[in-house]
Amino acid sequence: MKCRQCQQSAVIKMERHNTSLCRGCFNLYVHDQVERAITEEKMFDRAESVLVAVSGGKDSLALWDVLIKLGYRTAGLHLNLGINDYSQISQEKVEAFAESRGTELIVHAYQEAYGLGVIEIAEETARPACSACGTMKRYHFNRIAMERGFPVVATGHNLDDEASRLLGNVLQWQEEYLEKQSPVLSDEGGTWARKVKPLFRLAEREAAAYAVLNRIDYIVDECPMSKGAKMLVYKDVLNRLEETSPGTKHRFYLGFLKRPRALPSGPKELHLHPCQSCGQPTPGEVCGFCRLMQRVAR
Ligand code: SF4
Ligand code: ZN
């Protein structure tokens, strides 16, 4: 198998682009896709500092690596969820990566901060683990970015993540979520950090191949709480469709983005004000995170 660009030995075949690439040309392809996502979606520019949310998995570490190589100003943020060995190994992978690149890393550990990990917090509040985890992640990404002066938070969501989320939202007709499903979420005039997903043009296997080919040491195990998640079922369905019709995920998600973003009802105004408990912006009186922690304290 030869590289379509330079005729050297190819390392990856990409059916959806009907091409095969060698390591060097594949790296250029990945960098180009990320740069294109950043500029076309106006995610950020080189003057802005980007806080990269790094879990220790392939996607977020690949994203951080690409942003560093493209010359963006970055620091990493790792949330230690307090899930036994999984969280410990994840943190070690992130720390080793940051040290090898000489980049700043902020670590926030739930166990140290609240005396409980995410599973215990979910149990105490009778919430599904991933729902409590989502509330906590969104809160900390935003709060830490604002406190440390980062206008942008980047996450490692890839094309498979976004296409499967879109499929789930369409199947349930979650119009409110569909409105918000975009690779860029506004900073609401500087009230919040802008949330961006620069890997949204890259398939999961491309992000994984990039991590392996660039010798990025990531945690291979998935979070133990992800077992049985609906999202994995949607991913599996899309993978089967992709096999018979390469490019399905790309056409599905990028086609969705090309459509007019606002639904007929129009985007809702948020009317944000400071949370009565922590001061972070929220549309309610008390933010979701503080409501969660109040239930833990009861
Ligand atoms: Fe959090 Fe793990 Fe659930 Fe992902 S799978 S949302 S990391 S608890
Ligand atoms: Zn609050």
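Note that the structure is a prediction, hence the values are computed from the model and not measured. Start at 1 with the first residue, then count along the sequence. Note that ligands are numbered from 1 as they come in the structure, with each ligand's atoms numbered from 1 the same way.
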- Are Phe200 and Phe256 close enough that their ring centers fall under 6.0 Å? no
- Query: Using the benzene-type ring in the case of Trp, are the ring centres of Tyr114 and His140 under 6.0 Å apart?
  - Reply: yes
- Note on the structure: Taken in chain and number order and not counting sequence neighbours, the residues that satisfy salt bridge (charged side-chain N to carboxylate O under 4.0 Å, His left out) with Glu48 are Arg194
- Task: May I ask you to list the protein N, O or S atoms found at less than 2.8 Å from the Zn ion (ligand 2)?
- Result: Cys275 SG, Cys278 SG, Cys287 SG, Cys290 SG
- Proximal protein heteroatoms (N, O or S) of atom 1 (Fe) of ligand 1, under 2.8 Å: Cys133 SG
Can you give each donor-acceptor pair under 3.5 Å made by side-chain atoms of residues 219-234, sequence neighbours left out, with the distance rounded to 0.1 Å?
{"residue": "Ser226", "atom": "OG", "partner": "Cys223", "partner atom": "O", "Å": "2.8"}
{"residue": "Tyr234", "atom": "OH", "partner": "Gln172", "partner atom": "NE2", "Å": "3.2"}

- Query: Does the ring of Phe97 carry Arg101 above it, NZ/CZ under 6.0 angstrom from centre and within 45° of its axis?
  - Reply: yes
- Task: Go through the side-chain N and O atoms of Asn80 and Gln111 and say whether any donor and acceptor fall under 3.5 Å apart.
- Result: no
Short question: side chain of [X], backbone of [Y] - any donor-acceptor pair under 3.5 Å?
X: Glu206; Y: Ala203; result: yes
X: Asn214; Y: Tyr210; result: yes
X: Lys195; Y: Ala193; result: yes

